[in-house]
Student: 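Quick one: the structure is below, and I'll ask about it shortly.
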Amino acid sequence: MTPLGVAQRHAALWLVVACGFGLAMATLLVAPALGAALGPATFGRLASVHLDTALYGWCALPLVALLLRAYDPGTKAWSRAAEWIVQLWSGALLIGTVAWLSGISSGKVFLEWSGLARGAFLAALVALAGLLAAGAFALSGRPGHGGRVLLWIGLAAVPGALALATSPASYPPVNPATGGPTGADLLGSSLAVVAIVLVFPFLLGLAEPRRAKEAIGPAVALALHLLAFLAMGRGDHGHREVVQALAVASVVVWLPVLAWWLRRFAWPEGARRWKLALGVWAIALVASGTGSFVPGVLERVKFTNVLVGHAHLAMAGVASALGGLVWTTAAGGGGGPFGAKGPFIGWQVGCAAHVVAATAAGVREVLVPGVLFRSDPWIDGFYAARLAAGAAMAWAAWAWLRGSLEDGA
Amino acid sequence: MRSTLARNSRGIAAVAATYALFLLHTQFGFLEQARRVLDSPEKVRVVMACMGIAGLAASGVSARFAHGRDAVRLARGLLAASAAIAVVSVAASGFVGLCSAAGAIGASMGGATVALALALPALLPAGRAGLSIGLGTGIAYFASNLPWLFEGSTWTRAAIPAAFALAVAAALRPAAGPATVPARGRGVPLVLLVAALGGLVALDACAFAVIQTTPGWKEVTWGGPARTLLQGSAHLLAAIAAGVALDTGALAGLLVGTWGLFALAFGWLLSGSPLAAFAGPLYAAGISTYSAALVFAPAFAPRKEPAALRAALLFGLAGWAGSAAGVGAAQDVGTIPVALIAIAGGFALVAALAAAGIRAAAFARTFGATAAIGALGGFVAWTTHLPPHHEAGAPPSASRGREVYVAEGCVHCHSQYVRPGTRDETDWGPYRPLDRTQRPLLVGNRRQGPDLANVGLRRAPAWQTAHLVDPRGLAPGSRMPSYAHLFRDGRGADLVAYLSTLGYGGDAGRAAAIADAPTPDLGSASSARGAALFATYCAACHGAAGRGDGPLAPRLGVRPADLASLQDRTPAGLYRSIRFGRAPTPMPGHETLPERDLADLVAFVSNGARR
């Protein structure tokens, strides 16, 4: 079992956990009286586990696996250390899960790390950085060494950045008109995803290091875009400011660039449908993001299910497609457990239904403010549809976990 | 397909006859007879216990006795005996007579069901055992839900199925051809199968008993001939679908699926959701699904143990004991216990996980270190980092209450940010810039419930306490869970103290926001519609007649107003009181009710809240 295979199993397990908690939450929205059975583990505590296991387990581990693959010098000791880092990463997430369910919380949505769980998570990040440095050193002189060192320098800042971001003392800039993120921050996170997709083919081994010069054009464009982002400065800015609106709108230009970029490589058969899913979800995500940031729209949709739908587009759509692309490409050929057609369709249909239901519920919230605070047959129907969609996604997650455990067991 | 079912017709009829007799008489008709004849629930309990014990014992004896014998002949004899006993039992009267009859019914039906399970491989020679059993099960349930039978007399509910059972027994003989062989693939370990099916049977038995005695629930399930027929149709379709699924090896999935249907149906009933109208068919579909699985499992599911042992344990423990436990729970609790739903779900899930056959070794190798790190670290975190203990009786503390707010994840459903220039300002204002000195900031990112930035200006502590304990009592249709458990120690009081501080110093701004809100045209409102809205949103505190004597009134500290004696009865004044509340009294605002609803309520209340 390679470090990548171990990471795949862990990612699949966390997806099952995230889906399980998501299903529990969806059930509570359909039938709130059932909450009495869960006692102290109420909706709010479950939400932390659902969000964070999806984000730091299912979505993050494919990227960890990619790095472990790219920096692997092929020694047994390095591989064993890599496996331990995956275990430590998951262990931190498990500590976090116990903590969140017990009511130990930082109160920071999406960055819910505190106490011992935060320490373990940051330790995993530091250990990962150290292992990658050792790998880069051992690979010195091999093709692509310069690129690996350059990437490592960028990655070395991640533990510090997350330590800062998870601190209770920090809070990101806010759009004063809505209480949500600024256009600049949305641009920054979008460019991070663009950067990941650009280096993807190299980390996956689809592109020879000598083909790096083909990436020069997009890389220069990304650098210029990053400079523009940095020049915008930080601070609280509203979405009615032209610069902020332009920042979000400018993400659109990357859709054709990334589509062109990903088409240049020969993807294994089993990965192609994931690549297609990535394209479809990315278009939907950018359309949803730019559309909802429009002045006059954002004021209405902020805090509604429209943005819940947008969040699922990002996590269950784009981030999951990136993960699927990693696992299937690494497996080659038919794509291993993540190449199976049934669970793939189940996941995509479930995700689409989830997004449509959440968006429809959100539109109703816009039209009838406070409708969620009462019972309404339409809203109850939307919640039931979301539960069914979640069940389809949970089934897919389960199938992938089973496949991962049987694959090379 | 037609030829398969024709060749399996005797087996299908046997399943239908046995189930119909069990459903119409054993489980339903005789219970009603006992209730009608006996004067105390305790005596009824004893009678039904006699039946359960006899059924449990007969299941074991029958399984043992069947060894080396012709199972078809045994099934024929026991089915005929069951039919005869059912008819005779109608004449039973008095406590002793009913106990004796119950024992005889339990013994004969317990034996008959086990014998039938053992005979089915010989009675279903054409294969498709799942479909055939599903069809037989569905026919029995459909027939049992024919209104004239469902609402028939005890005699009707004994004689009709008994006659059918006798006819089937007379025709019962092994069909030509080899017996159907068990399905291949991984099965569910027997102990888990018994636990999962037992949980579902108990849940079903409890729910059925409660529904039959709860008028509102009876209405949306078996309320009237049309609904009863709809229930029967749902039974039939679900049983056939379950049978098809059983032939594909989906036994474990059906257990989880049944639980999902039950959880949804009972959740809607318990929550009073508008979707409770659909609870009946879902519940019926769940019953048929597990019922088909229960008959299929002893002889046809992949297995290691002898079919006789499986039949005895499944029918004896899961069937008879599970049913008795469920009926007992219904009598003791009077509702469908949420804990029972959770336990049944847990059993079904564990059975499904086991059936999925994930190899324990691979699992341990891959996740062992994670589990060790997580368990150790989680234990340390749990024991060293829990929020400070909140003593009951200690003075409430807003700062500790904020910790409770963070710990409970309130931020996932409630924002604390009034968007300037939007309706937020009227509903929940005033707007104030972000106070970045707070740690952590609790802006939130979505609203499953209202914004709380100024909730201290809008809701009195007594209302907050009552609402946290029973959210839907004060806010019908709310999806907020009950936080009654926080009031077992001091956390609830601390949380209320914190919520009461939110908006501190903003009284003038709040008053201005209310003053700036325009009053809509209240001229064309409907007082009749307002009466219905009053019953939903106001009667819990003000009482059905508006006299201030609603069931929640004692929890509010001060008596809610008698609406007949209100001083300000002007439509504009009432509109503001209803929409924005009357802080600092416990009278809450109804900020997000549609304007039309508010106008109708005003029309009703301005008439003194009298119909």
Side-chain angles (χ1 to χ4, degrees), chain A residues 6 9 13 27-37 39-40 42-45 47-48 84 87-88 90-91 94-95 98-99 102-109 115-117 120 168-169 171 174 176-180 299 302-303 307-308 368-370 372-375 377 380 384 402 405 409, chain B residues 263-264 267-268 270-271 273-275 338-339 341-342 356 358-359 362-363 366-367 369-370 373-374 377-378 380-382 385-387 406-413 415 417 419-420 422-423 433-434 436 439-443 445-450 475-479 481-482 485 592 594:
Chain A
V6 174
R9 289 177 170 187
L13 178 67
T27 305
L28 290 179
L29 288 174
V30 170
L34 293 178
T42 45
F43 189 91
R45 294 189 184 185
S48 291
W84 270 99
Q87 300 273 9
L88 180 58
S90 273
L94 189 54
I95 297 172
V98 173
S102 307
I104 303 167
S105 168
S106 74
K108 300 190 75 167
V109 181
L116 190 63
Y171 198 84
V174 162
T178 65
E299 291 89 338
K302 178 62 185 171
F303 295 125
L307 294 188
V308 173
V368 188
L372 283 192
F373 313 158
R374 302 183 293 274
S375 204
D380 285 11
R402 280 188 67 183
L405 285 168
Chain B
L264 210 54
W268 281 337
L270 288 165
S271 306
S273 163
L275 296 181
V338 176
I341 300 175
I358 285 182
R359 292 202 310 186
F363 202 85
T366 311
F367 303 112
T370 294
I373 294 168
V380 172
W382 192 67
H385 287 78
L386 273 178
V406 170
E408 298 305 323
C410 303
V411 73
H412 290 291
C413 293
S415 59
Y417 197 85
R419 294 170 298 175
T422 69
R423 184 181 153 145
L434 211 55
R436 284 188 176 274
R439 300 279 186 277
L441 274 169
L442 297 169
V443 175
N445 73 335
R446 83 162 262 71
R447 285 176 184 156
Q448 199 67 53
S478 165
R479 287 176 173 79
S482 166
H485 59 279
T592 55

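Convention: sequence-line order gives letters A, B, ...; per-chain numbering from 1. Any value given below was found using the heavy atoms of this structure, including those in side chains, with hydrogens, waters and symmetry copies removed. Quick caveat: nothing in here was measured; it's all calculated off a predicted structure.
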Student: Output the option from Leu88(A), Val6(A), Leu13(A) having the highest count of non-hydrogen pairs under 4.5 Å with chain B.
Tutor: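 So the answer, after comparing Leu88(A), Val6(A), Leu13(A), is Leu13(A).
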Student: So, does Arg446(B) use its side chain to make a donor-acceptor pair with the main chain of Leu307(A) at under 3.5 Å?
Tutor: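 Not a single qualifying donor-acceptor pair exists.
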Student: Where do Pro594(B) and Arg374(A) come nearest, in terms of heavy atoms and distance?
Tutor: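 Result for this residue pair: CD-NH2, 3.6 Å.
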Student: Considering all heavy atoms of both residues, which atom of Pro32(A) and which atom of Ser478(B) are nearest to each other, and what is their separation?
Tutor: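 For Pro32(A) versus Ser478(B), the nearest heavy atoms are CG-O, 4.0 Å.
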Student: Determine the minimum heavy-atom distance between Gly107(A) and Pro440(B), stating which atoms define it.
Tutor: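 So the two residues come closest at CA-CG, 4.2 Å.
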Student: Nearest heavy-atom pair of Pro420(B) and Pro176(A): which atoms, and what distance?
Tutor: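 Heavy atoms only, the tightest pair is CD-O, 3.6 Å.
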Student: Quick one: of Val411(B), Ile341(B), Leu441(B), who has the most non-hydrogen atom pairs under 4.5 Å with chain A?
Tutor: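 When all of Val411(B), Ile341(B), Leu441(B) are compared, Leu441(B) has the most.
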Student: Under the 3.5 angstrom rule, does the side chain of Arg479(B) hit a backbone N or O of Leu29(A) as a donor-acceptor pair?
Tutor: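 Yes; at least one donor-acceptor contact below 3.5 Å.
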Student: With respect to chain B, which residue among Ala31(A), Ser48(A), Ala169(A), Ala120(A) yields the maximal number of heavy-atom pairs within a distance under 4.5 Å?
Tutor: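 Of the candidates given, the most pairs with chain B belong to Ala169(A).
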Student: Considering only heavy atoms, which portion of Pro450(B) lies under 4.5 Å from any heavy atom of chain A: side chain, backbone, both, or neither?
Tutor: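 Answer is both: backbone and side chain atoms of Pro450(B) are under 4.5 Å from chain A.
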Student: Determine yes or no for a side-chain-to-main-chain donor-acceptor pair under 3.5 angstrom, with Gln87(A) supplying the side chain and Thr366(B) the backbone.
Tutor: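 At least one qualifying donor-acceptor pair exists.
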Student: For Arg447(B), enumerate each residue passing the salt bridge (charged side-chain N to carboxylate O under 4.0 Å, His left out) test, keeping only those at least two apart in sequence or located in another chain.
Tutor: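 Salt bridge (charged side-chain N to carboxylate O under 4.0 Å, His left out) check on Arg447(B) returns Asp424(B), Asp451(B).
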Student: Taking only residues two or more places apart in sequence, or in another chain, which ones meet Thr592(B) in a side-chain hydrogen bond (donor to acceptor under 3.5 Å, both in side chains)?
Tutor: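 Thr592(B) satisfies side-chain hydrogen bond (donor to acceptor under 3.5 Å, both in side chains) with no other residue.
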Student: Phe303(A) and Asn445(B): which non-hydrogen atoms are nearest, and at how many Å?
Tutor: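 Heavy atoms of Phe303(A) and Asn445(B) come nearest at CD2-C, 3.6 Å.
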Student: What part of Ala177(A) gets within 4.5 angstrom of chain B, counting heavy atoms only: side chain, backbone, both, or neither?
Tutor: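 Contact with chain B involves the backbone of Ala177(A) alone.
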Student: Measure distances from Ala117(A) to the heavy atoms of chain B and classify the residue's part below 4.5 Å as side chain, backbone, both or neither.
Tutor: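 Contact with chain B is absent: no heavy atom of Ala117(A) under 4.5 Å.
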Student: If we only count heavy atoms from C-beta on, is the Leu94(A) to Ile373(B) side-chain gap below 4.5 Å?
Tutor: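 No; the side chains remain at least 4.5 Å from each other.
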Student: Main chain of Arg439(B), side chain of Tyr171(A): is a donor-acceptor contact present, judged purely on distance under 3.5 Å?
Tutor: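 No; judged by distance alone, with no hydrogens or angles, the pair does not exist.
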Student: For Lys302(A), does its backbone N or O pair with a side-chain atom of Arg419(B) as donor and acceptor, under 3.5 Å?
Tutor: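 Pair found, side chain donor or acceptor close to backbone of Lys302(A).
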Student: What are the two closest heavy atoms between His412(B) and Ala47(A), and how far apart are they?
Tutor: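 Nearest pair, atom of His412(B) first, then Ala47(A): CG-CB, 3.5 Å.
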Student: What part of Ser106(A) gets closer than 4.5 Å to chain B, counting heavy atoms only: side chain, backbone, both or neither?
Tutor: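 For Ser106(A), backbone heavy atoms alone lie under 4.5 Å from chain B.
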Student: Name the region of Thr422(B), side chain, backbone, both or neither, that has any atom closer than 4.5 Å to a heavy atom of chain A.
Tutor: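 Only the side chain of Thr422(B) comes within 4.5 Å of chain A.
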Student: Name the option with the most non-hydrogen atom pairs under 4.5 Å to chain B; the candidates are Gly180(A), Gly370(A), Gly179(A).
Tutor: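 Heavy-atom pair counts peak at Gly179(A).
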Student: Give the member of Ala369(B), Gly409(B), Pro481(B), Gly267(B) that has the highest number of heavy-atom pairs under 4.5 Å with chain A.
Tutor: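 With the most close heavy-atom pairs to chain A, the winner is Ala369(B).
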